[in-house]
Amino acid sequence: MTSIDWNVLTLDADDLLHRLFLICRSITGDGLRRTLNLLREITNFQLHEVPSGTVCYDWTVPDEWNVRDAYVADSTGRRVIDFQQNNLHLVNYSIPFEGTLTYYELAPHLHTLPDLPTAIPYRTTYYNRAWGFCMTNEQFQKLDKKEKHHVVVDTTLAPGALTYGETILPGSSGKEFLISTYVCHPSLANDNLSGVVLWTLLLRELSGRTLRHSYRFVIAPETIGALAYIAGNEQAVRALTGGMVATTVAGPGRFGYKRTFRGDSIVDRSVRLTFRELGLEFTEYPFDVNGSDERQYSTPGLRVPVGTICKDKYYEYPYYHTSLDNLEFVSAANLVETLKIYTLAIEKLEQNCTYRSLNPIGEPMLGKRDLYPKMGGAVKQKVADSSGHGERRYAVDAGNIIFGNELDAIRWVLFYADGQTSLLDVAERIGLPMSQLYEAAEKLSAGGLLEVVG
Amino acid sequence: MTSIDWNVLTLDADDLLHRLFLICRSITGDGLRRTLNLLREITNFQLHEVPSGTVCYDWTVPDEWNVRDAYVADSTGRRVIDFQQNNLHLVNYSIPFEGTLTYYELAPHLHTLPDLPTAIPYRTTYYNRAWGFCMTNEQFQKLDKKEKHHVVVDTTLAPGALTYGETILPGSSGKEFLISTYVCHPSLANDNLSGVVLWTLLLRELSGRTLRHSYRFVIAPETIGALAYIAGNEQAVRALTGGMVATTVAGPGRFGYKRTFRGDSIVDRSVRLTFRELGLEFTEYPFDVNGSDERQYSTPGLRVPVGTICKDKYYEYPYYHTSLDNLEFVSAANLVETLKIYTLAIEKLEQNCTYRSLNPIGEPMLGKRDLYPKMGGAVKQKVADSSGHGERRYAVDAGNIIFGNELDAIRWVLFYADGQTSLLDVAERIGLPMSQLYEAAEKLSAGGLLEVVG
Amino acid sequence: MTSIDWNVLTLDADDLLHRLFLICRSITGDGLRRTLNLLREITNFQLHEVPSGTVCYDWTVPDEWNVRDAYVADSTGRRVIDFQQNNLHLVNYSIPFEGTLTYYELAPHLHTLPDLPTAIPYRTTYYNRAWGFCMTNEQFQKLDKKEKHHVVVDTTLAPGALTYGETILPGSSGKEFLISTYVCHPSLANDNLSGVVLWTLLLRELSGRTLRHSYRFVIAPETIGALAYIAGNEQAVRALTGGMVATTVAGPGRFGYKRTFRGDSIVDRSVRLTFRELGLEFTEYPFDVNGSDERQYSTPGLRVPVGTICKDKYYEYPYYHTSLDNLEFVSAANLVETLKIYTLAIEKLEQNCTYRSLNPIGEPMLGKRDLYPKMGGAVKQKVADSSGHGERRYAVDAGNIIFGNELDAIRWVLFYADGQTSLLDVAERIGLPMSQLYEAAEKLSAGGLLEVVG
């Protein structure tokens, strides 16, 4: 791995989490724009605006939604539910409304979670013209049933645009991967401010590298944003080799991996090998039609295998889609642990070269290239292992000691240099670290014994 | 499943078992004809007569065999072995004989089972001109060795015909399946009067339905009957997609499934999924070259994958091919339980459609079709599951609640609507009941989102 | 198996082990020639000489090496290390040297094994011009550090040739297999004098047989000898169906099998089935790029699947490449046990025919060929198994009893006679001994029911 200062990254992640958390985002609107512009201070990508009314396959971009204020006040004017306190209080995409209602008129517009009585649920009504408020069940229990409440939903729903961000890091291999996240959720930390921050830091990190593959970074509102993006880039999306959707990456729980629909794509295999080489436990989730934007990229007409590495996967933790998914629940340190796994998995994609031997019949003579011990007879000998331990050896060829693992890596790379077997195949079968195989392959290529064919 | 009155079926099965049990059947002859004609009172199929001497590949239809009487009497005229008491006493296809024999002349013609001393074995000599009697070992022990016995085998072996029955229920898919059974066994209940009755009731049931596939129902003597049938229908048999041989379906023991020679044919998979969805334990037997008429249909020149669902499979129960395999051993209730599995497995074949999405890029918008909850944010949320339980909800969209399983079924069917993946594939992978997937697919087809392609 | 007198073979093996053990072999030279000529007294093969300087792909045949004498003497003239005592004392391929050295000048040329203090290690320096001695660590500890030692390495390194042996046993199938061993190791018994002796006795045994496949027997120095052989026979080697390298076949430890790189080639399957049918436990080793000459035959430009059956596999036993791998460690009886496995595995290759049914539709009528019981009804009946035990049977058809296994073998062979499935496929799936299937197939072929197609 290119040397990365993970401590600096953790500070950056923490800073971003705090600067972005309170913004009220939605699938359109100024909160979304403000968030994307703030991220562009960290790393470079382009913004696109898709006008309301644009048809995206079976869907249409809705009117743009913005909120000035929203509350429910009692007869004394005291706000018993207040959007200013927590933007989750307002059902996202609520239509404008003002009126004074009895308890029984108000109640059908209220959402609580009796099973988690201190949490405000997150609810949306993007495509159904309605308004509503969310509150803790404890708040709800205290409502005075005899009181008349004044309700103000001071929102606008008007033609505007849906905003998304995109950039492409170009590589030379002709293969392209998607790195995507969704940015429509308001004050919810693990789902999915954490994914937004990881996406940004990963983009910044990879922007500084010379890459073999191309990476298409997309940040958009969930579902409709992904559909708008696909509609505008259909050929390119269809040509993607694979991808990842970054979401729920900073919780205190287990690492998880939601497979692509193929289950054995290059993305799946790179992620699995990364966890295996790190010796990290993780839960592997089968592909599911529920989930995030992999749902769109995996549809029959596209079939791009897209996976997700998580820490505390969405659906699995009880605070999911509630106000308890906040900055106390996640941590920048967790986020950066997950970022490391994304980075290492991408490095496996990068190192996954296929070689052809330029000396295909018989082994090359390694000895004349100083890649074999000068004194024969001790390789794999138990009582004198290949590091020289166990045998009394003297200075003669100490400068040329080649250790067992390195010799094994060289031999396996040569053995599999058939122009068809990639280093990921080799690493999976042999169990040597992929980076060691890559180093061996590069050394052999430099020595004229191999050529890269893919 | 189309609504079936299983109680009525059980009464019908019981009635048939009792009316047919005592008839002396063989691979030719009037007992066979009488049985088939009696079944034709229950449901409709055609009779065919294949003349003695007809060459069927390596075999030849033998002379027709009929029995008037057969016994062994002692010197007082008392019948110590009597065909009239149980038709198993006479070795099936015994040639005519009359004579008075010493014990030592008689004994080589007698068959008993010392390990099951109260049972008369079932023995045949179709192609070896001989005569013989079967008896319990207890009877055998009582024979007086000094006595001379008078033996009468009053049978006829003369040019005639082999009789079989057949009908085809036509479907529209172009695929055809075989439903076969063998009808040559005399008074033996599980093997195979039970299969004969099941075959008849299954034919009657399917005759009333609109079918997607065609079903070729064949009832014939074992081996030579199947060969005669194949010889007359070779092209049609070779074109069969698969089939089932109904045999030993009403015993008290375990459900069993003898795999087709492929082991993973559409027949195998439908049967396995049926047992799995019912939560029923069963023993799966590998394909074996011993068995029933699947032996003929599976030969290299035909290779039709034919399986068998049993209850107390032949070979496995000790009463197999003995007089203890009688009406006390089997029950009509058992028979109908197995019939239900045959019926359900066939329904899986019927529902195993393949769909193509008419909106292949991106998910269709389910909300505008009332196939998605109006209020977003709660799908898969643990503290507010998709049935609404756990969240305080009010009447607003109660009319539009779509339950989790149904939404899952819809999404999986859409995901797999690639024109190649059948509903059986989907059900096996996902674990949702195939009938629920089928209902979802039909709803989506009706809504213009899918088309059937296979 | 053709009748073999294993006792005679054991005596022969013992004799060869003793006659050959003391010869100082190397990758070239007179010890190698003497060994090969001695083996030619046992069985017939041709010698080939490849001149020094011949280029073999990335390698070059080195100058020929011969030893007249070599020792280290103290100032009294006493030989403290003496090649005459054990040829392992001299590092193989040491260049000529004579001189008087201090302890500190001498020590860097000495090799010992502190972890196995009574063993002399085996070391070589084929391609690095150097000299050295090997000794036990106990000897080494006794060296007088104040003493000056006189060193004599009376060797010659001069243009000459590398010698190898070869013969081809011709068969009719068009398929050819390699049987190879390496003959360059000096006084080391399991690795690899045992392999040399096994190779010789196997060649002698097969030379007397009519064979279906061709067998290419090659005996050469390891690595450079194999490369020289391949360079001179490239097209033939590339066309090989598979092969075996005989090595370390006579130790006291477990049977082992090192897989070919494919893992499921016909060679792998024949070896596995042999062990399974014998009920012998063995350790299966994955293919490894470390090993013997399979390394060369398996390179990308050749890809011949070559496996190795061992008894006490190289690398695995502590005496490997030391003077303790001697005639006390191995035994002729062990060697012959392993030879039996090689022989049986080759017989599986020989019997692995593929048949096509000449009566492909429906089963042939076995009864008229006396391959089926005359009296029907008892096959697979538990209370009267097909051997007749459990049923009171009399003399009538005793002459025609066909036992269950044989009937099963006949039926399975007929079932799989599709022109594509070989007897090895059948044996693996069914579990009947391959030789029994072969006998059944030959009987059916003789009866006009099958033809061999491969």
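In what follows, chains are A, B, ... by sequence order, proteins preceding strands, each numbered from 1. Values below: every heavy atom of this structure, side chains too, minus hydrogens, waters and symmetry copies.
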Checklist line | Pick from B:Y297, B:Y127, B:Y93, B:Y314 with the largest number of heavy-atom pairs that fall under 4.5 Å of chain C | finding: B:Y127
Notebook entry, point to check: Relative to chain B, which segment of C:R369 carries a heavy atom at a distance below 4.5 Å: side chain, backbone, both, or neither?
Noted result: side chain
Item checked: Where C:D408 and B:N290 come nearest, the two heavy atoms and their spacing -> OD1-ND2, 2.9 Å
Check: Is B:D58 salt-bridged to C:K368, cutoff N-O under 4.0 Å?
Finding: yes
Check: Taking it one step at a time, do B:R238 and C:I361 satisfy side-chain contact (heavy atoms from CB on, under 4.5 Å)?
Finding: CA-CA 10 Å; B:R238 210 196 304 262; C:I361 299 183; 4.0 Å; yes
Notebook entry, point to check: Would the number of heavy atoms belonging to other residues, nucleotides or ligands and lying under 6.0 Å from CZ of C:F261 be above 12?
Noted result: yes
Check: Is a side-chain donor or acceptor of C:K374 paired with a backbone partner of B:T125 at a separation under 3.5 angstrom?
Finding: no
Check: Can you name the residues of residues 438-454 of chain C that have some heavy atom under 4.5 Å away from a heavy atom in chain B?
Finding: none
Margin query: Tell me if a side-chain donor or acceptor on B:W59 pairs with a main-chain N or O of C:E363 at a distance below 3.5 Å.
Written below: yes
Next item on the list: Check for a donor-acceptor pair, side chain of C:Q381 on one end and backbone N or O of B:Y315 on the other, with a separation under 3.5 Å.
Entry: no
Item checked: Max heavy-atom pair count under 4.5 Å with chain C, selected residue of B:T223, B:D288, B:N92 -> B:D288
Notebook entry, point to check: Is it true that atom CZ of C:R212 has more than 12 heavy atoms of other residues, nucleotides or ligands lying nearer than 6.0 Å?
Noted result: yes
Notebook entry, point to check: What part of B:E234 is in contact with chain C, defined as an atom under 4.5 angstrom from a non-hydrogen atom: side chain, backbone, both or neither?
Noted result: side chain
Next item on the list: Please look at C:L414 and chain B and tell me whether the side chain, the backbone, both or neither of the residue comes under 4.5 angstrom of a heavy atom of that chain.
Entry: backbone
Notebook entry, point to check: If you measure from OG1 on B:T299 to CZ on C:R411, what distance do you get to the nearest 0.5 Å?
Noted result: 12.5 Å
Check: Which residue out of B:G132, B:A231, B:G301 racks up the most heavy-atom pairs below 4.5 Å with chain C?
Finding: B:G301
Notebook entry, point to check: Hey, mind stepping through B:R303 and C:D418 against salt bridge (charged side-chain N to carboxylate O under 4.0 Å, His left out) and telling me if it holds?
Noted result: CA-CA 10 Å; B:R303 287 293 197 243; C:D418 53 10; 3.4 Å; yes
Note to self: Exactly one of B:N128, B:V91, B:T124 should register a side-chain contact (heavy atoms from CB on, under 4.5 Å) with C:M375. Which one does?
What the structure shows: B:V91
Notebook entry, point to check: With under 30° as parallel and over 60° as perpendicular, where do the rings of B:F287 and C:F415 fit, or are they tilted in between?
Noted result: tilted
Checklist line | Residue pair C:G377 / B:H321: nearest heavy atoms and the distance that separates them | finding: O-ND1, 2.8 Å
